[in-house]
Trainee: 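I have a structure I would like to understand better, so I am pasting it below and will then ask my questions one at a time.
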Protein chains: 2
Amino acid sequence: MVNENSIVQEKMGNSKLYKGSLNTIILKLLDEEGKMYGYEITQKVKELSKGELNITEGALYPALHKLEAEGLLDVEVARVDNRLRKYYKLTEKGEKETVSRLAELEDFIRSMQQLVNPKWSIQ
Amino acid sequence: MVNENSIVQEKMGNSKLYKGSLNTIILKLLDEEGKMYGYEITQKVKELSKGELNITEGALYPALHKLEAEGLLDVEVARVDNRLRKYYKLTEKGEKETVSRLAELEDFIRSMQQLVNPKWSIQ
DNA sequence: CCCTATGCATAAGAAATTTATGTATATTGG
DNA sequence: CCAATATACATAAATTTCTTATGCATAGGG
């Protein structure tokens, strides 16, 4: 069907998630929260980033499945209000991986700081 | 053929360039240096990042061509020691774009900082 | 009832990069 | 002199990661 509004797009405050950062975000959130389900992660990211980062489901669910397949996450299915939830939590391997991913992110940011030489710096 | 060394891989200090950051790096370096040629960029990035970031030629050259096609870069061919060099520099449009790309990078890093809540913070 | 929110999932396509080549000249060590 | 390495460009195929577009299902509000 045709768009009936003249307001074609309201694609607000968009992500610009640098590719590769999603896994690190997932791992770190699970590290903090203990366990979370997919939808909860999307909401938490939106909230913490003040709407700046928007994780799409098409990116999130495959990422979760992959992390699980790699043995970094465990799943536990629950039914709440007759709706399905899949709670994910870090395995031991996942906890170790989280540490190294965060270190990698920090290295990346430090490197970018060297290259891009901005007004800000990491303390 | 079979690998004759027991030293299978020496894939050192690897890139882990978060996808999407390459263009910003190129633009910022050109902004600082005035003009650079491709090979020079790879060496400069390696040097500034202390070997952390390794720009591959397969990524760099297409990126340069695309930035040129978008009108962000100008090229100037030179011959030095009988070898070809293509010097790139920012157009006016490229200079403006550089500013917004850097702002975007800063936003990203701030968002990651909110999410990943590390020991370090941006000042 | 219909729309939004909650909650999962997958498929097709796009974008950015890696890996693998290819060409050519210059320099250095043995 | 020759082989390996460095300099300097380029492109194609494959891969990774993400967006966009769907699809299914339940709950709640107006």
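Every chain is numbered from 1, with letters handed out A, B, ... down the list of sequences.
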Trainee: Provide, to the nearest angstrom, the distance between the CG atom belonging to B:Asn54 and the P atom belonging to C:dT17.
Mentor: 14 Å

Trainee: Atom CG of B:Leu90 and atom CG of B:Asp31: how far apart are they, to the nearest 0.5 Å?
Mentor: 5.5 Å

Trainee: Nearest-Å distance, CG (B:Leu84) to C1' (D:dT7)?
Mentor: 11 Å

Trainee: Can you tell me how far NE2 of A:His65 sits from CG of A:Leu73, rounded to the nearest 0.5 angstrom?
Mentor: 10.5 Å

Trainee: Please tell me if A:Thr56 has a side-chain N or O lying less than 4.0 Å from either OP1 or OP2 of D:dT19.
Mentor: yes

Trainee: If you assign B:Gln43 and A:Tyr18 each to the DNA chain D nucleotide with the nearest heavy atom, which residue ends up on the more 5' nucleotide?
Mentor: B:Gln43

Trainee: Does a nitrogen or oxygen in the side chain of A:Lys19 sit under 4.0 Å from OP1 or OP2 of D:dT19?
Mentor: no

Trainee: Under 4.0 Å between a side-chain N/O of B:His65 and OP1 or OP2 of D:dT11, yes or no?
Mentor: yes

Trainee: Using a 6.0 Å cut-off, check whether atom CD of A:Glu92 has over 12 heavy atoms from anything other than its own residue.
Mentor: no

Trainee: By the 4.0 Å heavy-atom rule, please label A:Ser21 as base, sugar-phosphate, or nothing.
Mentor: sugar-phosphate

Trainee: Want to settle it: does B:Asn23 or A:Leu64 sit nearer the 5' end of DNA chain C, counting the closest nucleotide to each?
Mentor: A:Leu64

Trainee: Kindly indicate whether the side chain of B:Leu60, heavy atoms from C-beta on, has any atom under 4.5 Å from the side chain of B:Tyr39.
Mentor: no

Trainee: Nearest to the side chain of A:Lys86, heavy atoms from C-beta on, is which of C:dT17, C:dC8, D:dT19?
Mentor: C:dC8

Trainee: Rounded off to whole Å, could you give me the CD1-to-P distance for the A:Ile55 and D:dT19 pair?
Mentor: 9 Å

Trainee: Any non-hydrogen side-chain atom of A:Tyr37 less than 4.5 Å from a side-chain atom of A:Leu84?
Mentor: no

Trainee: Would you say A:Tyr39 reaches C:dA5's phosphate, i.e. side-chain N/O to OP1/OP2 under 4.0 Å?
Mentor: no

Trainee: Calculate the interatomic distance between A:Tyr37 atom OH and C:dA9 atom C1'; express it in whole Å.
Mentor: 17 Å

Trainee: Starting at CZ of A:Arg101 and ending at C1' of D:dT17, how long is that distance when rounded to a whole Å?
Mentor: 12 Å

Trainee: Return whichever of A:Glu57 or B:Asp81 has its heavy-atom-nearest nucleotide of DNA chain C closer to the 5' end.
Mentor: A:Glu57

Trainee: May I have the distance from A:Glu47 (atom CD) to C:dA5 (atom P), rounded to whole angstrom?
Mentor: 17 Å

Trainee: Taking only N and O in the side chain of B:Asn82, is any of them less than 4.0 Å away from OP1 or OP2 of C:dA24?
Mentor: no

Trainee: Any side-chain N or O of A:Lys66 less than 4.0 Å from the OP1 or OP2 oxygen of D:dT16?
Mentor: no

Trainee: Find out whether A:Leu115 and B:Lys28 are in side-chain contact, i.e. whether some heavy atom of one side chain is under 4.5 Å from a heavy atom of the other.
Mentor: no

Trainee: Only Watson-Crick and G-U wobble pairs, only distances under 3.5 Å, only runs of 3 or more: what stems does that leave for DNA chain C?
Mentor: C:1-30 with D:1-30

Trainee: Any base atoms under 4.0 Å from A:Gly38, or only sugar-phosphate, or nothing? Heavy atoms, all strands.
Mentor: sugar-phosphate

Trainee: How many Å lie between CE on B:Met36 and P on D:dC9, as a whole number?
Mentor: 11 Å

Trainee: With clusters defined by side-chain heavy atoms of hydrophobic residues (ILVMFWY) lying less than 4.5 Å apart, directly or transitively, does B:Val75 cluster with B:Met36?
Mentor: yes

Trainee: Quickly work out the B:Leu60 CG to C:dT17 C1' distance and round it to whole Å.
Mentor: 12 Å

Trainee: Under 4.0 Å: is that the gap between some side-chain N or O of B:Tyr61 and OP1 or OP2 of D:dA10?
Mentor: no

Trainee: For the residue pair A:Glu33 and A:Lys44, establish whether any side-chain heavy-atom pair is separated by less than 4.5 Å.
Mentor: yes

Trainee: Look at the side-chain N and O atoms of B:Arg83 and state whether any lies under 4.0 Å from the OP1 or OP2 oxygen of D:dT7.
Mentor: no

